[in-house]
Amino acid sequence: MNGDQERMTVVTRFAPSPTGFLHVGGARTALFNWLYARHAKGKFLLRIEDTDRARSTEEAVQAIFDGLEWLDLSHDGEVVFQSEGAERHAALAHQLLEAGKAYRCWCTPEELSEMREQARAEGQRMLYDRRWRDRDPAEAPTDVAPVIRFKAPVEGETVVEDLVQGAVRVANAQLDDMILLRSDGTPTYMLSVVADDHDMGVTHAIRGDDHLTNAARQTQLFLALGWQPPAYAHIPLIHGADGAKLSKRHGALAVSAYAEMGILAEAMCNYLLRLGWSHSDDEIISRQQAVEWFELDAIGRSPARFDMERLSSLNGIYIRQAEDGELLSLLNPHLSRLLEQEPDPALMPRLERLLPSLKTRAKNLIEMVENAQFLFLQTPLVLDEIAVKILNPESQEIISELLIELEKLGSWEEESLELAVRGFADSRSLKMGKVAQPLRASLTGKTVSPGIFDVMIALGREESLGRLGDIAARVS
RNA sequence: GACCCCUUCGUCUAGAGGUUAGGACACCACUCUUUCAAGGUGGAGACACGAGUUCAAUUCUCGUAGGGGUCGCCA
């Protein structure tokens with residue numbers, strides 16, 4: 001990179017094709033582009049590559065917007081829809097044609113597939129054989145609409161100075177004359193990206209490794225148009241847990257699916273950031289630190305596997321760090337779904353009080369609301385199987401006697417509650433567990449819950465005594 | 001098949017000629033303890049293989065093997 005370029009404002013872009021949801025791979029690409037732009041105090045642009053009108057959908061465009069919003073990756077300026085530049089792209093193709101840097105090709109799809117068959121049979125790379133490159137257009141069939149192909153260099157090599165992969169050399173003989181304009185006159189992706197990256201002033205194209213070969217062809221096109229290609233950074237792909245490519249039919253989920261699983265956006269970003277990028281031993285990295293630290297040369301070159309365990313663990317950490325108010329609003333939709341109705345606002349303080357205790361016990365928002373569900377249940381509680389076993393006649397008797405002690409309590413604070421319950425256990429020579437577990441079962445209907453005194457405080461005196469009363473009432 | 005890229009614990013990675021090869025997740029044990037977690041302590045666990053270069057290679061070079069990607073009038 002020369003000095004002029006260093007002084008230029010960095011412009012990155014995320015350029016997804018709207019043919020499906022935004023999955024983790026795309027999300028990471030977007031994150032890296034965003035981080036690099038913010039780090040360099042440059043611009044992060046968003047371009048929707050919808051030149052394949054047959055496959056692009058409105059819903060997919062929306063899904064991409066939603067996904068980026070969830071991840072909090074805001075772009076600068078207006079969104080560019082690639083299809084809107086079709087006319088200019090087509091004009092560029094004609095300009096190349098007139099300059100003798102492109103030519104018309106009248107091959108039919110059938111001829112092309114024959115060519116591929118033959119190349120395969122001969123063990124060659126399946127390339128277009130350039131049969132119309134120097135052929136007289138007068139020989140053109142009249143019943144075939146031509147495409148415009150790029151007259152690519154035949155000899156020598158094209159070098160992509162990749163910021164992640166290093167210098168990648170491709171022999172020009174390995175690249176064929178790509179189609180610039182389809183027979184219906186519409187531009188192809190290859191032409192459109194080059195034109196748009198140039199027009200948008202993109203200085204750094206950070207994208208998936210699967211575009212590496214394309215980078216060589218795009219470099220040739222840039223040069224033919226008299227433009228300078230952007231700096232490229234091809235980041236390794238994300239693989240599934242089994243090492244195979246992560247695809248829509250193989251483990252790749254929409255980022256929205258992770259949101260529904262109760263993953264926090266911050267955790268997702270932190271996880272994605274550490275997939276292929278590192279800053280010595282740092283693991284928990286805030287957005288602010290990431291912006292400060294993010295450099296392209298710290299991106300690894302080998303593909304990484306997607307590890308849900310790791311994401312979950314990170315998510316647990318972010319949940320514990322989350323601010324209560326924020327967490328509460330994040331929890332709300334999950335709670336409504338679990339309860340199959342809006343939670344009673346009058347009961348929300350219970351959740352709020354139990355939040356600190358709930359935080360250490362969940363790896364995602366779903367687990368969290370499940371652990372908190374008992375706070376919102378109607379009494380008498382329906383006990384689960386093991387809770388029923390714990391509340392045998394003996395335990396019910398204990399609860400009944402404990403209830404009498406608790407009713408006498410003047411204050412309903414952790415200290416006094418603990419004193420009372422422990423005192424009660426001591427007085428009968430009972431181990432704490434003998435009292436706590438029946439208490440837990442009575443109060444929550446389950447055998448697993450946050451600390452029992454936290455539970456009692458969250459439920460409040462009246463509700464707690466009521467629930468214990470339900471159990472005590474069984475003692476005949 | 002051709003071309004391109006990759007290769008450190010099971011996974012994500014640190015490392016950039018000389019380290020007891022470090023951290024994180026997961027795993028195991030212990031601890032804390034009213035359950036479950038969280039926390040704390042400790043443990044097991046890796047430089048794919050083969051040649052070179054060098055006094056010295058995980059680190060540099062070249063092969064081999066394995067993995068991945070690309071070869072559309074898709075993007």
Side-chain angles (χ1 to χ4, degrees), chain A residues 15-19 49-52 54-56 82 105 107-109 112-113 116 119-128 145-149 160 162 164-166 168-171 173-176 178-184 186 188-190 192-193 208-214 216 234 236-237 239 241 243-245 271 274-284 300-307 309-314 316-317 320 357-363 367 371 390 418 421-422 425 431-441 444 446-453:
Chain A
S17 63
T19 53
E49 310 224 311
D50 56 349
T51 46
D52 183 349
R55 292 202 302 155
S56 300
Q82 192 157 64
C105 165
C107 278
T108 61
L112 258 16
S113 69
R116 269 178 228 119
R120 175 181 282 277
E122 289 170 8
Q124 293 299 305
R125 197 175 166 131
M126 293 168 262
L127 303 173
Y128 168 63
V147 298
I148 293 181
R149 283 185 184 269
V160 178
D162 195 273
V164 172
Q165 309 291 342
V168 178
R169 306 168 170 279
V170 181
Q174 292 300 324
L175 272 15
D176 64 1
M178 59 187 150
I179 292 174
L180 263 19
L181 226 53
R182 302 185 183 101
S183 52
D184 66 358
T186 58
T188 60
Y189 156 82
M190 214 55 92
S192 297
V193 227
D209 213 354
D210 49 346
H211 285 286
L212 191 54
T213 324
N214 287 340
H234 288 91
L237 269 19
H239 290 174
K245 181 190 177 185
Y271 176 70
R274 284 287 290 102
L275 222 50
W277 180 87
S278 61
H279 183 267
S280 91
D281 279 343
D282 294 301
E283 299 288 352
I284 310 301
R301 280 186 289 189
S302 50
R305 296 187 191 199
F306 190 85
D307 182 3
E309 292 280 3
R310 182 81 187 247
L311 210 206
S312 282
S313 162
L314 219 38
I317 291 169
R320 270 169 257 141
S357 192
L358 251 13
K359 278 178 178 177
T360 64
R361 276 159 248 263
K363 291 218 189 293
E367 282 179 17
N371 292 340
I390 285 194
E418 181 153 7
V421 174
R422 284 193 190 279
K431 279 202 257 179
M432 186 59 181
K434 271 290 186 189
V435 181
Q437 278 305 81
L439 200 47
R440 189 183 322 276
T444 69
K446 296 191 290 187
T447 51
V448 174
S449 84
I452 197 62
F453 304 115

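Chain A is the first sequence line, chain B the second, and so forth, proteins listed ahead of strands; every chain is numbered from 1. Not measured: the values here are computed from a predicted model.
The aromatic ring of A:His234 does not stack onto the base of B:G69, failing the criterion of a centre distance under 5.5 Å from the six-membered base ring together with planes under 30° apart.
Side-chain atoms of A:Thr213 and base atoms of B:C4 include no donor and acceptor less than 3.5 Å apart. Between the side chain of A:Arg361 and the base of B:C36, at least one donor-acceptor pair of N or O atoms lies under 3.5 Å. A donor-acceptor contact under 3.5 Å is not formed by the side chain of A:Ser17 with the base of B:A75. A donor-acceptor contact under 3.5 Å is not formed by the side chain of A:Asp209 with the base of B:G69. Contact annotation: side chain of A:Asn214 to base of B:A75, donor-acceptor pair present below 3.5 Å. No N or O donor and acceptor, one from the side chain of A:Arg305 and one from the base of B:U11, sit under 3.5 Å apart.
Under 4.0 angstrom from either OP1 or OP2 of B:A37 there lies no side-chain N or O belonging to A:Lys359. Regarding contacts with the backbone of B:G1, every side-chain N or O of A:Arg116 stays at 4.0 angstrom or more from both OP1 and OP2. For A:Arg422, a side-chain nitrogen or oxygen approaches OP1 or OP2 of B:U34 to under 4.0 Å. Note on A:Ser280: every side-chain N or O is 4.0 Å or more away from OP1 and OP2 of B:A14. For the OP1/OP2 pair of B:C36 and a distance below 4.0 Å, the side-chain nitrogens and oxygens of A:Ser449 include no atom meeting the criterion. In this structure, A:Arg320 reaches the B:G39 phosphate: one of its side-chain N or O atoms is under 4.0 Å from OP1 or OP2.
Minimum atom distance to the side chain of A:Glu309 is reached by B:A26, of the listed B:U13, B:A75, B:A26. Distance from the side chain of A:Val168 is smallest to B:C4 among B:C4, B:C12, B:A38. Distances were taken from every side-chain heavy atom of A:Asp210 (C-beta onward) to each of B:U34, B:C36, B:U70; the shortest belongs to B:U70. Comparing B:A26, B:C6, B:U34 against the side chain of A:Arg301 picks out B:C6 as the nearest. When the nucleotides B:C25, B:G23, B:U35 are ranked by their closest atom to the side chain of A:Glu283, B:G23 comes out on top.
Going from atom CG of A:Asp281 over to atom C1' of B:C9 covers 15 Å, rounded to whole Å. Here B:C12 presents its P atom at 8 Å from CG of A:Leu275, a figure rounded to the nearest Å. Distance A:Arg310 CZ to B:U11 P: 13 Å, rounded to the nearest Å. Separating the NE2 atom of A:His239 from the C1' atom of B:C12 is a distance of 14 Å, rounded to the nearest angstrom. The distance from atom NZ of A:Lys431 to atom C1' of B:U34 is 12 Å, rounded to the nearest whole Å. Rounded to whole Å, the distance from CD1 on A:Ile284 to C1' on B:A24 is 8 Å.
In this structure, the side chains of A:Lys446 and A:Arg440 stay at 4.5 Å or more apart for every pair of heavy atoms. In this structure, the side chains of A:Glu49 and A:Ser192 stay at 4.5 Å or more apart for every pair of heavy atoms. In this structure the side chain of A:Val164 never reaches within 4.5 angstrom of the side chain of A:His234, judged on heavy atoms. Taking 4.5 Å as the limit, some side-chain heavy atom of A:Phe306 sits within range of a side-chain heavy atom of A:Leu311. Taking the side chain as every heavy atom from C-beta outward, A:Cys107 and A:Tyr128 approach each other to under 4.5 Å.
With a cut-off of 3.5 Å on both Watson-Crick or G-U wobble distances, the partner of B:G17 is given as none.
When the P atom is used for both B:G10 and B:C5, the distance is 27 Å, rounded to whole Å. Annotation: B:U8 and B:A14 have their P atoms spaced 10 Å apart (nearest Å).
Heavy-atom distances to RNA chain B give each of A:Gln437 and A:Pro109 a nearest nucleotide, and the one nearer the 5′ end belongs to A:Gln437. Closest-nucleotide positions on RNA chain B for A:Gln174 and A:Cys105 were compared, and the one nearer the 5' end corresponds to A:Gln174.
One finds a salt bridge joining A:Glu283 and A:Arg274 here, because a Lys/Arg side-chain nitrogen approaches an Asp/Glu carboxylate oxygen to under 4.0 Å.
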